[in-house]
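Worksheet: the structure to be examined is printed underneath.
The chains referred to below are lettered A, B, ... by the order of the sequence lines, with proteins before strands, and numbering in each begins at 1.
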Amino acid sequence: MLTEALLIALWAGIAGIDLFNGLTHIHRPVVTGVIVGLILGDIKTGLIAGATLELVWMGMVPLAGAQPPNVVIGGIIGTAFAILTKQDPKVAVGIAVPFAVAVQGLITLLFTVFAPVMHKADRFAEEANYKGIEKINYLGLAILFVMYFVIAFLPIYFGSDAAIKFVEIVPKWFINGLSVAGGIMPAIGFAMLLKVMLKKEYVAFLILGFVLAAYMKLPILAIALIGSAIALYDFFLNKNNAAYREEEINDGI
Amino acid sequence: MLTEALLIALWAGIAGIDLFNGLTHIHRPVVTGVIVGLILGDIKTGLIAGATLELVWMGMVPLAGAQPPNVVIGGIIGTAFAILTKQDPKVAVGIAVPFAVAVQGLITLLFTVFAPVMHKADRFAEEANYKGIEKINYLGLAILFVMYFVIAFLPIYFGSDAAIKFVEIVPKWFINGLSVAGGIMPAIGFAMLLKVMLKKEYVAFLILGFVLAAYMKLPILAIALIGSAIALYDFFLNKNNAAYREEEINDGI
Amino acid sequence: MLTEALLIALWAGIAGIDLFNGLTHIHRPVVTGVIVGLILGDIKTGLIAGATLELVWMGMVPLAGAQPPNVVIGGIIGTAFAILTKQDPKVAVGIAVPFAVAVQGLITLLFTVFAPVMHKADRFAEEANYKGIEKINYLGLAILFVMYFVIAFLPIYFGSDAAIKFVEIVPKWFINGLSVAGGIMPAIGFAMLLKVMLKKEYVAFLILGFVLAAYMKLPILAIALIGSAIALYDFFLNKNNAAYREEEINDGI
Amino acid sequence: MASNYVDPSNDVKLSKKDLNILAWRSLLLQASFNYERMQAAGWLYGLIPGLRKIHRNKQDLSKSMKDHMEFFNTHPFLVTFIMGIIMAMEQNKEDRDAIRGIKVATMGPLGGIGDALFWLTLLPITAGIGASLAMDGNIAGPIIFLVLFNIVHFGLRFGLIRYGYYTGIKAIQQLKEGTKQISRAASILGLSVVGGLIATYVNFKTTAVIKTGEAKVKLQTDLLDKIMPALLPLTYTILMYYLLKKGKSPLTLIVITVLMGIIGKCFNVL
Amino acid sequence: MASNYVDPSNDVKLSKKDLNILAWRSLLLQASFNYERMQAAGWLYGLIPGLRKIHRNKQDLSKSMKDHMEFFNTHPFLVTFIMGIIMAMEQNKEDRDAIRGIKVATMGPLGGIGDALFWLTLLPITAGIGASLAMDGNIAGPIIFLVLFNIVHFGLRFGLIRYGYYTGIKAIQQLKEGTKQISRAASILGLSVVGGLIATYVNFKTTAVIKTGEAKVKLQTDLLDKIMPALLPLTYTILMYYLLKKGKSPLTLIVITVLMGIIGKCFNVL
Amino acid sequence: MASNYVDPSNDVKLSKKDLNILAWRSLLLQASFNYERMQAAGWLYGLIPGLRKIHRNKQDLSKSMKDHMEFFNTHPFLVTFIMGIIMAMEQNKEDRDAIRGIKVATMGPLGGIGDALFWLTLLPITAGIGASLAMDGNIAGPIIFLVLFNIVHFGLRFGLIRYGYYTGIKAIQQLKEGTKQISRAASILGLSVVGGLIATYVNFKTTAVIKTGEAKVKLQTDLLDKIMPALLPLTYTILMYYLLKKGKSPLTLIVITVLMGIIGKCFNVL
Ligand SMILES: OC[C@H]1O[C@H](O)[C@@H](O)[C@@H](O)[C@@H]1O
Ligand SMILES: OC[C@H]1O[C@H](O)[C@@H](O)[C@@H](O)[C@@H]1O
Ligand SMILES: OC[C@H]1O[C@H](O)[C@@H](O)[C@@H](O)[C@@H]1O
């Protein structure tokens, strides 16, 4: 069992990275299913369990950074247990869900606690230390890999009951609280952007964009189109004015 | 009974003023209930009847000048009759409603017929006669006081049946017609505003504000935000232009 | 029967023109009903059948060029068959519908295939050949007349069954395809407009108008109001700037 | 005042009789209706006597006629109001861009207003009266309908052309600002309206559905509308614009569009 | 700085005591409430001591008082914030158009915000607490309600007038740009708000239904709203505006409006 | 052309190989994803080889790297288009504000478009095909899915970086207007988008309910949303902005936010 557990964990680490980086989508259940099947020697069940999970989790994709239940761990563990317990592949879904949800919480946690690292990155950028920037990114990959590795290894090796108990140690209010904080945190990113971008002259456009989104519920593309329209108008207005001015100066001479 | 009726009427006058002026909210049923109870010697019923009416009429507040059924008269008469007829406090509501609605009409009438007085006020303002302005406001208070005093006194002193008949003398179409007119009348106020504010140059913004409210259903705050954004843009645009112009003049020298 | 069929066809030709030109609305079923009744010697049934069809087809009017089922042919043929077959006037509706729908398709076809003629008209305009323009319009009228004439004549003269078969020769996908093309074709008209109107400076307003209609679902009137507001703002802005410039020049002297 | 005329003299005035003739001709506004230009040729037909009186120079007449062959569509009753305004501008030899801008900016809103007023209100009311009389076999029904309806109809046609014309004349007199500013304002207004018309008038939607196993993606609502509403109308119009700029003839574009429509229908994607 | 004052000196300062007096007087904001000007006369009543201190010249005082008799309406608690800002502007003898623009631009939004905050939130919460105690016969109910409510109420009145006043003073010092630019900005802002207020505040709808045989046209929703939402409020306001410009007295307009209301109700069209 | 560079020379060109390297590195866009800057560090990671080639002066490199550590988020496939444009601007040593403005303005719309196109359409279609095959035990299922999906995926990554780069180069050549005007335009566009992003991306709602006796006030929908939608996101962003301006470190702000989230959850108000 150890070999299999290690192999599956290895695959989980790779797929976990692929969920955010690479994005070749080898991390989707339809692919991980067959790989897990291969490792555990039951390709057919793997295929079907993976396909079943794929269809159930069709729309589960991260939009604007918001994490849905984790399809990587869900897919891998669901398929593995379906094969190990020799159950109907459809059972995979039932097993997969609690793990997928728990890891959704963990990823949220990771994305929250990784924020402070950005200030290290700021320092590196300041010093033009590009190697530092690269290391931070590699660190991120490493963390992802280890996390997925461990999370996949434990329940396969120790069985799902033990694993679920382990997962339940983290209190709900903590994960949920972090998730709330994660939702708010882009405010800090925008505030830092504003610190460099905002001049008195341009406050008007910040207000406009906000009103268009908040009151009129316009999507960002529409706001960008309106912003472009204004920028164009302003551009030609000032150009015309400048042309007039020049004309006069020339006339004056 | 006369003393009680007079005391209650006195309180109604005060509370009636508080509904629009002062706004300490001693006019809410939860307060007037206990006062009427005190006057009629049954604080407990007063408290409960007042509280009952309060909860029923929670959201009845005047928004943008539109009058809801009148909580002052409703509260006072409802409580008083509940005590006088020794009924269950809950009955207060049934008695209160017709009075509250009738007085709603009367207030609308008052706010309509008080409009012409404003032209007297215009004259006082023109003459910088601040005492005149003050008198007009005191007159308004006096009318409110007398109105509420009389309206509260009559039904308590003569009984509710007689009172309701009295109230029904005013024809419905008249009150409703006035209410319609009251709804339209701000047009005159805005027209007078426009007479002083509107210059050809600014018609554009009037149109814009109208379209934002009429077609896009934006609340006034959003319109003010967009108006501010344009004002800011325009302000800095002209400032920049002025700066250029000055520069040139200096360059010229 | 030939005389009657010819008379009805004549009337159909006139009414068919009136549907788009003249627009005195003698083409509405309530009018054509009585005329057909007159021709076929049963005014009463004509009146009632016409009125019935009128009420059923109340809202069927062409908006922005989109053709509803054709009320002219529907009205005339419906009434005629009701009289000829001595059926209850209400039956008119059932007979009228397939014809009305078929002619809807034909009109769409006509409006599509007439588009190329416009390039002839362009040439005439270029050459200031106003007679040519007039002829094209008269041609349009003539086509309408002939079309309605024939379409009304055939089923009356040969009976409705034969006529319906005749109508069914034209395949559905063809008519529907043309109808789709007709819906898209204004794009060409707008593209030609843009070819003459669009300068880099004004792209901003095209974008704005599009966003207002596409995202905010504003009707054209509201867009025109906003466009006017911007035009006014821009107009006075440039006027003020020009005034300043002149001032300076004068100051300079 | 204007520079883009060979003969810039603006001393011709249109008489009441002239205006009435234009109003009569406006009856044929839709004689040559088609989906590419809609009422353009009929609109030009209506203007011809006025244009001929105003533009005695043939080159000017040609320019003006070409402009008026561009896409046009409005409500057939309110059209005379626009005719009046445009004749005032033509007569004053306003910048051609300004004339076009005003024409484009007024046709859209008046189209919508007219439809609401006459097709969706006046017609059902008067035809309703007529039909309810006719229903009882009363021959007065159709007559009353025609009389009521046409009093409004012809009253508007002949009234509005005058109103438009004198409004136009007065507006022009007040705007002494030279032709450049007016045509800039008209272009701003006109292009805003065209932007709106593209999204409103061009009726281009796909009915394609991509089915794959369990998944079913409705191309229009599940994809295109999420990217941008009215994406196809915009894209197609821009495409037509580029093809025109590249020298393709409008005729070719029509043929392409018709083929696309028919083929699209056959394959059930349009 | 400003030119439209006889006495342009701007050295008067309002003391805390002055501000407190204004806040007290703001309690009578609605003493003379009416549907034409709403709170205007009460608003002026509140300002009087301040205006008298600032405008020692009678002509200036008259001008200022006339301006403040124009339409005014806001939330009665937040009004002191506007009072503070306006007093700062008056004291600095800002351009009268700028003062008006700021006043108009702030009253609308603060009215809506105040209604949401105090009438629809603070009141139900505090009165709810009070009533639930009173329900059990506990006399502390009304008392607790009054205390809770009025701590907020009076805290705001007296706090906001100061906050508004010093905000105003500071804003003015930062804007050294002469009075012309400020009044232009204030006009842009103010007129946008007035445009919105017309569509929002003027409550003018017809209930007329035109029935003809089978057809039933609801004038408001089937016709007017299709032409333009808030068409009647806009038209009526413009009508009033023209009548005023033509010299009609506002009194006449009120009488007309009242008559229209009553007659319209009798004929069941309003 | 630009002034805010130590070394303003703009003669470096990126070769196809350079662009390909950037596209490869774009695979790690989300390696250091986090809720404060989202993809910023990964984005910078992708740009590094290009930036190093362009900015031979260390100070310039430092400035540029700092800018690219600011908040960034877009769709991971379309990112290479932005990379291309930005590299063109960097190489031409455009004003840093202009670069930032364009970056900010493009990332938002491309994020939304990419999500609709790839996550919500391409993925379900290709995975649907794969899964329906796999369901029947056919091992071709996953393979076909991966092939179909990644043809589009890698085609876009490597195609778009080139397209973006040459588009950028061409656009810059056409805009000869000096750097000031471009950066003004970019700022206008960029800040409009940021205003929209604040309302869209910052997910801050209270679940608090104030119960008093019978009354129940849902703070978010009954009060805050009535004052202004997205009031909390706006207020919190402004608060963060002021704290940053007052010298608070972003780290502190993160800690505050996390604590607020957890405590808010404990008390059931967030
Ligand atoms: O929404 C744009 C983008 O946001 C985040 O970066 C992630 O959720 C991506 O999956 C998504 O494409
Ligand atoms: O809407 C603002 C304001 O309008 C009127 O003045 C009254 O109805 C007040 O109660 C309300 O607060
Ligand atoms: O919509 C305006 C106008 O468009 C087309 O020209 C026709 O459908 C008319 O009936 C309609 O009035």
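Looking at F:Phe145, the atoms closer than 4.5 Å to chain A (heavy atoms on both sides) all sit in the side chain, from C-beta outward. Only the side chain of F:Val104 comes within contact range of chain A, with heavy atoms under 4.5 Å apart. In this structure, no portion of A:Pro219 lies under 4.5 Å from any heavy atom of chain F. Of the atoms belonging to A:Thr108, heavy atoms from both backbone and side chain fall under 4.5 Å from chain F. If you measure heavy-atom distances from A:Val61 to chain F, the contacts under 4.5 Å come from the side chain alone. Interface remark: A:Ile43 contributes side-chain atoms only to the contact with chain F (heavy atom separation under 4.5 Å). Proximity to chain F is absent for every atom of A:Thr45, based on heavy atoms less than 4.5 angstrom apart. In this structure, no portion of F:Phe72 lies under 4.5 Å from any heavy atom of chain A. For chain A, no part of F:Asn268 is nearby; none of its heavy atoms comes within less than 4.5 Å. Proximity to chain F involves both the backbone and the side chain of A:Val31, based on heavy atoms less than 4.5 angstrom apart. When heavy atoms are compared at a cutoff of 4.5 Å, A:Val196 approaches chain F by way of both its backbone and its side chain. Looking at F:Met135, both its backbone and its side chain come within 4.5 Å of chain A, counting heavy atoms on both sides. Proximity to chain A (any heavy atom under 4.5 Å) is restricted, for F:Ile113, to the side chain, taken from C-beta onward. The part of F:Leu146 that comes within reach of chain A is its side chain, from C-beta onward, which places non-hydrogen atoms under 4.5 angstrom from that chain. For a residue to count as touching a neighbouring chain, one of its non-hydrogen atoms must lie under 4.5 Å from one of that chain's; by this rule F:Ile198 touches chain A with backbone and side chain alike. For chain F, the nearby part of A:Leu193 is the side chain; its heavy atoms alone come within less than 4.5 Å.
Considering every non-hydrogen atom in both F:Thr200 and A:Ala213, the closest pair reads OG1-CB, 3.9 Å. A:Lys217 approaches F:Pro229 most closely through the heavy-atom pair NZ-CB, 4.0 Å. Scanning both residues, A:Ile48 and F:Ala134, for their nearest heavy atoms gives CG1-O, 4.0 Å. The two residues A:Ala125 and F:Leu44 come nearest to each other via the heavy atoms CB-CD2, 4.4 Å. For the residue pair F:Leu28 and A:Tyr138, the shortest heavy atom distance occurs at CD1-CE2, 3.9 Å. Shortest non-hydrogen contact noted between F:Gly101 and A:Met197 is CA-CE, 4.3 Å.
Formation of a donor-acceptor pair under 3.5 Å by the F:Thr237 side chain with backbone atoms of A:Ala191 is not found in this model. Of the possible donor and acceptor atoms, one in the side chain of A:Asn21 sits under 3.5 Å from a partner among the backbone N and O of F:Ala31.
By the 4.0 Å N-to-carboxylate-O rule, F:Lys66 lies too far from A:Glu127 to be salt-bridged with it. Note on F:Arg184 versus A:Asp234: salt bridge recorded, some NZ/NE/NH1/NH2 to OD/OE distance being below 4.0 Å. In this structure, F:Asp136 does not pair ionically with A:Lys44, as no charged nitrogen and carboxylate oxygen lie closer than 4.0 Å.
Looking at A:Phe210 and F:Met228, their side chains come closer than 4.5 Å, going by heavy atoms from C-beta outward. Considering only heavy atoms from C-beta on, F:Met65 stays 4.5 Å or farther from A:Asp122 through its side chain. Contact annotation: the side chain of A:Leu23 approaches that of F:Arg157 to within less than 4.5 Å [non-hydrogen atoms, C-beta and beyond]. A heavy-atom distance below 4.5 Å is found between the side chains of A:Thr24 and F:Phe154.
Going from atom CG of F:Leu120 over to atom CE of A:Met58 covers 11.5 Å, rounded to the nearest 0.5 Å. Considering CG of A:Leu178 and CD1 of F:Ile262, their distance stands at 4.5 Å, rounded to 0.5 Å. In this structure, the separation between CG on A:Leu109 and OH on F:Tyr35 is 10.5 Å, given to the nearest 0.5 Å. Rounded to the nearest 0.5 Å, atoms CE (A:Met118) and CE (F:Met38) are 12.5 Å apart. The distance from atom CG of F:Asp97 to atom OH of A:Tyr202, rounded to the nearest 0.5 Å, is 7.5 Å. Between the CG atom of A:Leu221 and the CG atom of F:Leu110 there is a distance of 8.5 Å, given to the nearest 0.5 Å.
Contact count versus chain A (heavy atoms, under 4.5 Å) is highest, among F:Ala185, F:Ala186, F:Ser62, for F:Ser62. Ranking A:Ile17, A:Leu232, A:Val203, A:Leu198 against chain F, the residue ahead of the rest is A:Leu198, based on heavy-atom pairs under 4.5 Å. Ranked by heavy-atom pairs under 4.5 Å with chain F, the first of A:Glu126, A:Glu54, A:Arg123 is A:Glu126. Comparing A:His119, A:Met192, A:Arg28 by heavy-atom pairs within less than 4.5 Å of chain F, the highest count is held by A:His119. No other option in A:Pro62, A:Ala229, A:Ala204, A:Pro116 has as many heavy-atom pairs under 4.5 Å with chain F as A:Pro116. Most heavy-atom pairs under 4.5 Å with chain F: of the set A:Lys195, A:Glu201, A:Lys199, A:Glu134, this distinction falls to A:Glu134. Residue with the most contacts toward chain A among F:Thr257, F:Asn73, F:Leu61: F:Thr257 (heavy-atom pairs, distance under 4.5 Å). Contact count against chain F (heavy-atom pairs under 4.5 Å) is highest for A:Gly182 among A:Gly140, A:Gly46, A:Gly182, A:Ser179.
Within a 6.0 Å radius of NZ in F:Lys53, more than 12 heavy atoms belonging to other residues, nucleotides or ligands are found. By the neighbour-count criterion of 12 heavy atoms within 6.0 Å, atom OH of F:Tyr242 is sparsely surrounded, having that number or fewer from other residues, nucleotides or ligands.
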*asked:* Let's go through A:Ile188 and F:Phe71 carefully: what are the C-alpha distance in whole Å and the side-chain angles of both, what is the deciding distance for side-chain contact (heavy atoms from CB on, under 4.5 Å) to 0.1 Å, and is it a yes or a no?
replied: CA-CA 9 Å; A:Ile188 301 172; F:Phe71 181 96; over 6 Å; no

*Which is it for A:Met185 and F:Leu253 under the side-chain contact (heavy atoms from CB on, under 4.5 Å) test, yes or no, and what are the steps along the way?*
CA-CA 9 Å; A:Met185 225 174 277; F:Leu253 304 184; over 6 Å; no

*Verify side chain to side chain donor-acceptor pair (under 3.5 Å) between A:Asn137 and F:Ser32, making sure each step is shown before the conclusion.*
CA-CA 5 Å; A:Asn137 283 287; F:Ser32 51; 2.8 Å; yes

_Worked check of side-chain contact (heavy atoms from CB on, under 4.5 Å) between A:Leu194 and F:Met240_ = CA-CA 10 Å; A:Leu194 289 181; F:Met240 293 297 105; over 6 Å; no

*CA sep, side-chain torsions, deciding dist, call: A:Ile184, F:Met260, side-chain contact (heavy atoms from CB on, under 4.5 Å)*: CA-CA 10 Å; A:Ile184 301 173; F:Met260 186 181 70; 3.5 Å; yes

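A:Phe190 has its ring centre no less than 6.0 Å from the ring centre of F:Tyr236. For an aromatic pair to be called close, the ring centres must be under 6.0 Å apart, and F:Phe33 with A:Phe20 fails this.
Relative orientation of the A:His25 and F:Trp119 rings is tilted, given thresholds of 30° and 60° on the angle between their planes.
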